[in-house]
Participant: 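Pasting a structure here, questions to come.
Note that the structure is a prediction, hence the values are computed from the model and not measured. These numbers come from the heavy atoms of this one structure, side chains and all, not from hydrogens, waters or symmetry mates.
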Amino acid sequence: MRHSLPLAPQFYVTAPQPCPYLDGRSERKLFTALQGDTAEKLNNALSRQGFRRSQNVLYRPSCADCTACLSARIRVADFKSSKSQRRVMKKNGDLRRTATSPWATEEQFALFRRYLDARHADGGMADMDIFEFAAMIEETPVKSRVIEYRETAATPDSMRALIATCLTDVLDDGLSMVYSFYEPERIRDSLGTYLILDHVEIAKRVGLPYVYLGYWVPGSPKMNYKANFSALEIYKGGQWTDIGDPARHETETHPLSVPPIAEQVARIQLPDTRNS
């Protein structure tokens with residue numbers, strides 16, 4: 001079914017599918033296309049309202065009877081690393097970061113496959129081939145970067161191993177970590193945490209106030225780690241608020257917990273694109 005506002009992007013809803021985070025539940029997404037000269041403004045505006053980008057689509061969970069998924073971001077100016085997070089930074093001190101344009105490589109895909117096979121073998125991306133991977137990286141109508149992390153070379157002529165990669169959007173108010181993957185053999189190095197910490201450092205250096213982490217789902221073991229970051233905000237009830245005690249965010253699952261789709265669309269604040 002299509003839902004739209006006059007002279008505005010068209011919004012659609014996906015069919016229900018099994019939830020990847022909470023057993024026994026179904027997920028549904030509200031989404032719109034990113035295209036043309038207004039893509040940058042729309043990505044900025046909707047990211048501030050809990051949406052995420054996947055290739056040329058912006059989406060937000062809109063499950064029929066659950067509001068568990070909460071968009072999360074770190075306030076860079078207020079962030080303070082914990083003792084364990086400082087250990088993670090030190091442990092990964094051998095890595096060197098480079099940022100490139102969104103272009104997929106065979107080396108990235110090989111790392112991506114190792115990561116999926118070890119961490120998400122039964123996930124929705126498990127069957128992704130190199131062409132689909134290239135589309136995920138390269139099909140972006142907004143300002144994106146591929147940030148690679150490599151081991152320090154033993155000699156100047158040595159090939160440095162690719163250890164981690166993150167596809168990152170550069171928003172007008174922050175960095176959005178679209179998708180990241182890393183070497184599964186270095187499981188003890190907490191590379192997922194390291195990538196977030198390094199993005200906080202990048203944002204701090206360039207003067208961007210937020211790092212967007214995607215969705216935090218209370219009750220999902222896969223998402224627990226995001227609540228370990230200080231200065232974390234969640235998008236709940238139409239506004240950003242400090243997460244406070246993560247335990248107090250119980251998931252709402254009754255049939256009236258989600259407003260109708262038309263009401264959700266009507267509440268979306270769209271950017272002024274008349275001069276685009």
Participant: Identify whether the distance between the nearest side-chain nitrogen and carboxylate oxygen of Glu27 and Lys29 falls below 4.0 Å.
Facilitator: yes

Participant: Checking the side chain of Arg28 only, and the main-chain atoms of Ser62 only, is there a donor and an acceptor separated by less than 3.5 Å?
Facilitator: yes

Participant: Less than 3.5 Å apart, any donor N or O on the side chain of Gln10 or Tyr12 sitting next to an acceptor on the other?
Facilitator: yes

Participant: Output the distance between atom NZ (Lys91) and atom CD (Gln85), rounded to the nearest 0.5 Å.
Facilitator: 13.0 Å

Participant: Backbone N or O of Leu171 within a donor-acceptor pair of the Asn43 side chain at under 3.5 Å?
Facilitator: no

Participant: Would Glu40 and Lys143 pass as an ion pair if we require N to O under 4.0 Å?
Facilitator: no

Participant: Taking atom types as modelled, is there a side-chain donor on Ser144 or Asp169 under 3.5 Å from an acceptor on the other?
Facilitator: yes

Participant: Looking at Arg53 and Glu139, does any basic side-chain N land under 4.0 Å from a carboxylate oxygen?
Facilitator: no

Participant: Within this structure, what is the CG-NZ distance for the pair Leu22 and Lys222, rounded to the nearest 0.5 Å?
Facilitator: 9.5 Å

Participant: Could you check Tyr179, Phe109, Tyr115 and say which one makes a ring pair (Phe, Tyr, Trp, His ring centres under 6.0 Å) with Phe133?
Facilitator: Phe109

Participant: Which pairs pass side chain to side chain donor-acceptor pair (under 3.5 Å) with one or both residues in residues 193-207, sequence neighbours excluded?
Facilitator: Arg97-Asp198, Tyr149-Asp198, Thr168-His199, Glu201-Arg205

Participant: Minimum heavy-atom separation for Thr32 and Pro9, please, with both atom names.
Facilitator: OG1-CB, 3.5 Å

Participant: Side-chain heavy atoms nearer than 4.5 Å, only ILVMFWY residues, links allowed to pass through others: does that put Leu213 and Trp240 together?
Facilitator: no

Participant: Mind checking the CG-CD1 spacing from Leu232 to Ile74? Nearest 0.5 Å is all I need.
Facilitator: 6.0 Å

Participant: Do Asp129 side-chain atoms and Glu132 backbone N/O form a donor-acceptor pair below 3.5 Å?
Facilitator: yes

Participant: Would a 4.5 Å heavy-atom cut-off, applied to side chains only, mark Leu58 and Leu42 as touching?
Facilitator: yes

Participant: Please check this pair: side chain of Thr152 against backbone of Asp94, looking for a donor-acceptor N/O pair closer than 3.5 Å.
Facilitator: yes

Participant: Dump the intermediate steps for salt bridge (charged side-chain N to carboxylate O under 4.0 Å, His left out) on Arg186 and Glu151, then the final yes or no.
Facilitator: CA-CA 12 Å; Arg186 291 182 55 152; Glu151 290 181 330; 3.5 Å; yes

Participant: For Asp78 and Arg75, which heavy atoms make the closest approach, and how far apart are they?
Facilitator: OD2-NE, 2.9 Å

Participant: Charged N to carboxylate O below 4.0 Å: is that the case for Arg48 and Asp172?
Facilitator: yes

Participant: Could Lys41 and Asp272 be called an ion pair, given the rule that one side-chain N must be under 4.0 Å from one carboxylate O?
Facilitator: no

Participant: Do other residues, nucleotides or ligands put more than 12 heavy atoms under 6.0 Å from the CG atom of Asp23?
Facilitator: no

Participant: Is it true that Leu167 and Leu95 fall in one hydrophobic cluster, defined by side-chain heavy atoms closer than 4.5 Å?
Facilitator: yes

Participant: Is there a side-chain contact between Pro209 and Val76 (heavy atoms, below 4.5 Å)?
Facilitator: no

Participant: Side-chain donor-acceptor pair under 3.5 Å between Tyr212 and Arg73, yes or no?
Facilitator: yes

Participant: Say whether, by atom type as modelled, one donor and one acceptor occur between the side chain of Arg188 and the main chain of Glu185 under 3.5 angstrom.
Facilitator: no

Participant: Taking atom OG of Ser71 and atom NZ of Lys236, what is their separation to the nearest 0.5 Å?
Facilitator: 13.5 Å

Participant: Find out whether Asn224 and Val217 are in side-chain contact, i.e. whether some heavy atom of one side chain is under 4.5 Å from a heavy atom of the other.
Facilitator: no

Participant: Whether the Ser176 and Arg52 side chains hold a donor-acceptor pair (N or O, under 3.5 Å, no angle test) is what I'd like checked.
Facilitator: yes

Participant: Where the side chain of Ser230 meets the backbone of Lys80, is there a donor-acceptor pair that is under 3.5 Å apart?
Facilitator: yes

Participant: Report the C-alpha distance between Trp216 and His249 in whole Å, list the side-chain angles of each, state the deciding distance to 0.1 Å, and finish with yes or no for side-chain contact (heavy atoms from CB on, under 4.5 Å).
Facilitator: CA-CA 11 Å; Trp216 172 66; His249 298 286; 4.0 Å; yes

Participant: I'd like to know if the side chain of Arg113 reaches the main chain of Met128, judged simply by a donor and an acceptor atom lying under 3.5 Å from each other, with no hydrogens or angles considered.
Facilitator: yes

Participant: Counting N and O atoms only, with roles assigned by atom type, does the side chain of Gln269 sit under 3.5 Å from a partner on the main chain of Leu46, one being a donor and the other an acceptor?
Facilitator: no

Participant: Are Leu111 and Ile147 linked, directly or through other ILVMFWY residues, by side chains that come within less than 4.5 angstrom of each other?
Facilitator: yes

Participant: Test your reading of the model: is there a side-chain donor-acceptor pair from Ser54 to the backbone of Val57, 3.5 Å cut-off?
Facilitator: no

Participant: Passes side-chain contact (heavy atoms from CB on, under 4.5 Å), Arg60 versus Ile268? Steps please.
Facilitator: CA-CA 11 Å; Arg60 187 173 71 184; Ile268 295 172; 4.2 Å; yes

Participant: Taking Val146 as the starting point, is it possible to reach Ile196 by hopping between hydrophobic residues whose side chains are less than 4.5 Å apart?
Facilitator: yes

Participant: Within the structure provided, determine whether Tyr210 and Glu233 are in side-chain contact (heavy-atom separation under 4.5 Å).
Facilitator: yes

Participant: Do side-chain atoms of Thr140 reach the backbone of Gln55 as a donor and acceptor pair under 3.5 angstrom?
Facilitator: no

Participant: Taking side chain as C-beta onward, heavy atoms only, is Trp103 less than 4.5 Å from Gln108?
Facilitator: no

Participant: So which heavy atom on Tyr21 is nearest to which on Cys69, and how close?
Facilitator: CD1-SG, 4.2 Å

Participant: Within the structure provided, determine whether Leu34 and Val142 are in side-chain contact (heavy-atom separation under 4.5 Å).
Facilitator: yes

Participant: Can you tell me how far CG of Leu191 sits from OG of Ser180, rounded to the nearest 0.5 angstrom?
Facilitator: 9.5 Å

Participant: Can Leu30 and Gln264 be said to form a side-chain contact (heavy atoms from CB on, under 4.5 Å), step by step?
Facilitator: CA-CA 9 Å; Leu30 177 68; Gln264 293 181 47; 4.2 Å; yes

Participant: Indicate the atoms forming the closest heavy-atom contact of Pro218 with Ala68, along with that distance.
Facilitator: CD-O, 3.3 Å

Participant: Go through it in stages, so that I can follow the logic: the residues are Leu70 and Tyr235, the test is side-chain contact (heavy atoms from CB on, under 4.5 Å), and I'd like the CA-CA distance, side-chain angles, deciding distance and then a yes or no.
Facilitator: CA-CA 6 Å; Leu70 301 169; Tyr235 190 75; over 6 Å; no

Participant: Is any side-chain heavy atom of Leu197 closer than 4.5 Å to one of Phe229?
Facilitator: yes

Participant: If a pair satisfies salt bridge (Lys or Arg N to Asp or Glu O under 4.0 Å) and one of its residues is in residues 256-271, list it, with sequence neighbours excluded.
Facilitator: Glu263-Arg267

Participant: Do Ile130 and Ile137 sit in one hydrophobic cluster, given that two such residues count as connected whenever their side-chain heavy atoms are within less than 4.5 Å of each other, even indirectly?
Facilitator: yes

Participant: Can you measure from OG (Ser81) to CG (Asn228) and round to the nearest 0.5 angstrom?
Facilitator: 13.0 Å

Participant: Give the ring-plane orientation class for Tyr215 versus Tyr59, where under 30° counts as parallel, over 60° as perpendicular and anything between as tilted.
Facilitator: tilted

